[in-house]
Amino acid sequence: MRTNLLLAALLTALFIAYSEQNPFNSAATLELPEGYNINWMSSISNNKRITAITIPGTHDSMALYNGFTVMFAKCQAWSLPNQLLAGIRYLDLRVKVDLHIVHGPVNQRITFPEVLDHVQNFLNQHKTETVLIRVKPEGSGKNDVQKQVDNVIKGKENIWTDKKIPTMGDARGKVILVQKNEFTLGIKPFNTDQPNDYKVTRIKNKKIKIAQHLREAEEKCAEGSDEVIVSYSSGTSAPHCHPFRPPKVVAKNIDPWLSEHLNGLHGPCYGVIAMDFPGIDLIEKIIKINYTKTAKDHIIKEATLKKKN
């Protein structure tokens, strides 16, 4: 009996340790480690531009549901409030003209105004932070999505719609909109991904592509980008390729690899890294890139160049 209790206690301890350190997460509940720094942007210099920060993000941020016959729509486990508490600062939304958020044919049971309310409530409580939101118009009325979004945000002072890249000081407490296709409000992105990079036939090839994208992001960031750099680690084989690998299966392979891969990167910044099913360990690792010696040296270099100009 005593042996069984000891074994149970050991397994529980191992489970807790694994859960806290796992770079992949598929649980809806959020367990933050003791002392976790929710306000991680608070120590970033006010003079630093948003494009010079490494930012953890989610791909298809509101895709929490599969459809009845569509088993490849779900890309995230955490609700939006939990994603923000975990440190996610870039949201990727597919928005229809009725302002519902979708992923492919699957309605994700939330609207753009509701997303905005969640984000603004978070920013009201965490004023040192900023949240980037990329809006990708979807569906037959996609040319009118921007007009509908504009109606929602009209009169709101804490939403950045300018094309000018804000500094961290400009951005604190604000939503920063990011352009995509027909949606031209906010700052411009530089996407390292090429069309169809999300299609995964072999996990090995996907890892190679992500590594290439991060090298490109590092080079562009080191040069001083006037666009927010965005790289996606997400992918799926569905519905185009075989064997069948929904986003969760791909992420379960990619997220632990990405966490290890980041250990070998030493650039000053990498822009946004948008993921499926990220765990706390992976998010923290991305955040910590901002506090490396290379990142701090880059701040000094930026300030020197600014004085010369």
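FYI, side chains are in, hydrogens and waters are out, and symmetry mates aren't considered; it's all heavy atoms of this structure.
- Environment of NZ in Lys248: sparse, with no more than 12 heavy atoms of neighbouring residues, nucleotides or ligands closer than 6.0 Å.
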- Can you check side-chain contact (heavy atoms from CB on, under 4.5 Å) on Arg134 and Arg94, steps first, answer last? CA-CA 9 Å; Arg134 188 190 81 158; Arg94 272 69 166 164; 3.2 Å; yes

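- Residues Leu282 and Phe24 fail the side-chain proximity criterion, which asks for heavy atoms closer than 4.5 Å.
- The minimum heavy-atom distance between Lys136 and Asn181, with the atom names listed, is CE-ND2, 4.0 Å.
- Linking ILVMFWY side-chain heavy atoms closer than 4.5 Å, directly or via other members, places Ile287 and Val131 in a single hydrophobic cluster.
- The structure places CG of Asp92 at 12.0 Å from CE of Met275, a figure rounded to the nearest 0.5 Å.
- Under the 4.5 Å side-chain heavy-atom criterion for ILVMFWY residues, no single connected hydrophobic cluster contains both Leu132 and Ile229.
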Can you give me every donor-acceptor pair (side chain of residues 99-117, partner residue at least two apart or in another chain, under 3.5 Å) with its distance?
{"residue": "His100", "atom": "ND1", "partner": "Asp98", "partner atom": "OD1", "Å": "3.4"}
{"residue": "His100", "atom": "ND1", "partner": "Asp98", "partner atom": "OD2", "Å": "3.2"}
{"residue": "His103", "atom": "ND1", "partner": "Ala73", "partner atom": "O", "Å": "2.6"}
{"residue": "His103", "atom": "NE2", "partner": "Asp60", "partner atom": "OD2", "Å": "3.1"}
{"residue": "Asn107", "atom": "OD1", "partner": "Arg109", "partner atom": "N", "Å": "2.8"}
{"residue": "Gln108", "atom": "OE1", "partner": "Leu64", "partner atom": "N", "Å": "2.9"}
{"residue": "Gln108", "atom": "OE1", "partner": "Tyr65", "partner atom": "N", "Å": "2.9"}
{"residue": "Gln108", "atom": "NE2", "partner": "Tyr65", "partner atom": "O", "Å": "3.0"}
{"residue": "Thr111", "atom": "OG1", "partner": "Glu114", "partner atom": "N", "Å": "3.3"}
{"residue": "Thr111", "atom": "OG1", "partner": "Glu114", "partner atom": "OE1", "Å": "3.3"}
{"residue": "Glu114", "atom": "OE1", "partner": "Thr111", "partner atom": "N", "Å": "2.9"}

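- Residues Val152 and Ile133 share a hydrophobic cluster, clusters being chains of Ile/Leu/Val/Met/Phe/Trp/Tyr side chains in contact below 4.5 Å.
- In plain terms, the two heavy atoms of Met168 and Ile50 that are nearest each other are SD-CD1, 4.2 Å.
- Lys142 and Glu182 are joined by a salt bridge, as a carboxylate oxygen and a charged side-chain nitrogen come within less than 4.0 angstrom of each other.
- Rounded to the nearest 0.5 angstrom, Asn263 CG and Glu260 CD are separated by 5.0 Å.
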- Message: What verdict does the side chain to side chain donor-acceptor pair (under 3.5 Å) test give for Lys206 and Asn253, after you've listed the backbone C-alpha separation in whole Å, the side-chain angles of each residue and the deciding distance to 0.1 Å?
- Response: CA-CA 10 Å; Lys206 180 62 178 177; Asn253 285 275; over 6 Å; no

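- From Cys75, atom SG reaches atom CG of Asn66 across 8.5 Å, with rounding to the nearest 0.5 Å.
- Using a 3.5 Å distance cut-off with no hydrogens or angles, the side chains of Ser231 and Tyr270 do not pair a donor with an acceptor.
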- For side chain to side chain donor-acceptor pair (under 3.5 Å), just list the numbers for Asp226 and Thr51, CA-CA rounded to whole Å, side-chain angles, deciding distance to a tenth of an Å, and then say yes or no. CA-CA 7 Å; Asp226 288 323; Thr51 50; over 6 Å; no

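- Summarising the geometry, atom OG belonging to Ser234 is positioned 10.0 Å from atom CG belonging to Asp255; distances are rounded to the nearest 0.5 Å.
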- Intermediate values then yes/no, side-chain contact (heavy atoms from CB on, under 4.5 Å), Thr130 and Arg89: CA-CA 7 Å; Thr130 186; Arg89 296 292 180 267; 5.8 Å; no

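- Counting heavy atoms from C-beta outward, Ile289 and Leu262 have side chains that approach closer than 4.5 Å.
- Side-chain N/O atoms of Asp197 and His213 include a donor and acceptor closer than 3.5 Å.
- Lys127 places none of its side-chain heavy atoms less than 4.5 Å from the side chain of Asn39.
- With Asn82 contributing its side chain and Trp78 its backbone, the two residues share no donor-acceptor pair below 3.5 Å.
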Enumerate, atom names and distances included, each donor-acceptor pair closer than 3.5 Å involving a side-chain atom of residues 170-177, sequence neighbours excluded.
{"residue": "Asp170", "atom": "OD2", "partner": "Thr167", "partner atom": "N", "Å": "3.0"}
{"residue": "Asp170", "atom": "OD2", "partner": "Thr167", "partner atom": "OG1", "Å": "3.0"}
{"residue": "Arg172", "atom": "NE", "partner": "Asn46", "partner atom": "OD1", "Å": "2.7"}
{"residue": "Arg172", "atom": "NH1", "partner": "Met41", "partner atom": "O", "Å": "2.9"}
{"residue": "Arg172", "atom": "NH1", "partner": "Thr128", "partner atom": "O", "Å": "2.8"}
{"residue": "Arg172", "atom": "NH2", "partner": "Ile44", "partner atom": "O", "Å": "2.5"}
{"residue": "Arg172", "atom": "NH2", "partner": "Asn46", "partner atom": "OD1", "Å": "3.0"}
{"residue": "Lys174", "atom": "NZ", "partner": "Asp170", "partner atom": "O", "Å": "2.8"}

- Apply side-chain contact (heavy atoms from CB on, under 4.5 Å) to the pair Leu258 and Ile210, showing each step before the final yes or no. CA-CA 8 Å; Leu258 178 58; Ile210 295 169; 4.3 Å; yes

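- Of the possible polar contacts, one joining the Arg49 side chain to the Ser225 backbone as a donor-acceptor pair under 3.5 Å is found.
- Heavy atoms only, all atoms of each residue included: Ile187 and Lys164 are closest at CG2-O, 3.5 Å.
- The pair Glu218-Lys220 fails the salt-bridge criterion, with no side-chain N (NZ, NE, NH1 or NH2) lying under 4.0 Å from an Asp/Glu carboxylate O.
- Residue Leu80 holds its CG atom at 10.5 Å from CD1 of Ile88, rounded to the nearest 0.5 Å.
- A continuous path of ILVMFWY side-chain contacts below 4.5 Å connects Tyr36 to Leu30, so both sit in one hydrophobic cluster.
- Between the side chain of Gln76 and the main chain of His59, a donor-acceptor pair closer than 3.5 Å is present.
- Ring geometry for Tyr232 against Tyr90 counts as perpendicular: the plane angle is over 60°, on a 0 to 90° scale with 30° as the lower cut.
- Rounding to the nearest 0.5 Å places CG of Asn191 at 9.0 Å from CD of Glu227.
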- Task: Apply the test side-chain contact (heavy atoms from CB on, under 4.5 Å) to residues Phe190 and Val228: give CA-CA distance (whole Å), side-chain angles for both, the deciding distance (0.1 Å), then the verdict.
- Result: CA-CA 6 Å; Phe190 175 85; Val228 62; over 6 Å; no

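- Under a hydrophobic clustering in which Ile, Leu, Val, Met, Phe, Trp and Tyr are joined whenever their side-chain heavy atoms come within less than 4.5 Å, directly or via other members, Leu185 and Leu123 fall into the same cluster.
- Summarising the geometry of Ser237 relative to Val200, their closest heavy-atom pair is CB-O, 3.2 Å, with the distance given to 0.1 Å.
- When side chains are defined from C-beta on, His126 does not count as touching Leu84, because their heavy atoms never get closer than 4.5 Å.
- Residue Trp40 comes nearest to Asn37 through the heavy atom pair CA-ND2, 3.4 Å, listed as atom of the first residue, atom of the second, then distance.
- Taking the side chain as every heavy atom from C-beta outward, Phe183 and Val149 approach each other to under 4.5 Å.
- For the pair Thr236 and Pro247, the tightest heavy-atom approach, listed with the atom from each and the gap, is OG1-CD, 3.7 Å.
- The shortest side-chain heavy-atom distance between Lys156 and Ile159 falls under the 4.5 Å cut-off.
- For the pair Val230 and Ile273, the minimum side-chain heavy-atom distance is 4.5 Å or more.
- The neighbour count for Lys207 NZ, taken as heavy atoms of other residues, nucleotides or ligands under 6.0 Å away, is above 12.
- For the pair Lys252 and Phe277, the cation-pi test (distance below 6.0 Å, angle within 45°) is failed.
- Listed for the Lys285 side chain is a donor-acceptor partner under 3.5 Å among the backbone atoms of Ser259.
- Side chains of Thr58 and Pro278 form a contact here, defined as non-hydrogen atoms less than 4.5 Å apart.
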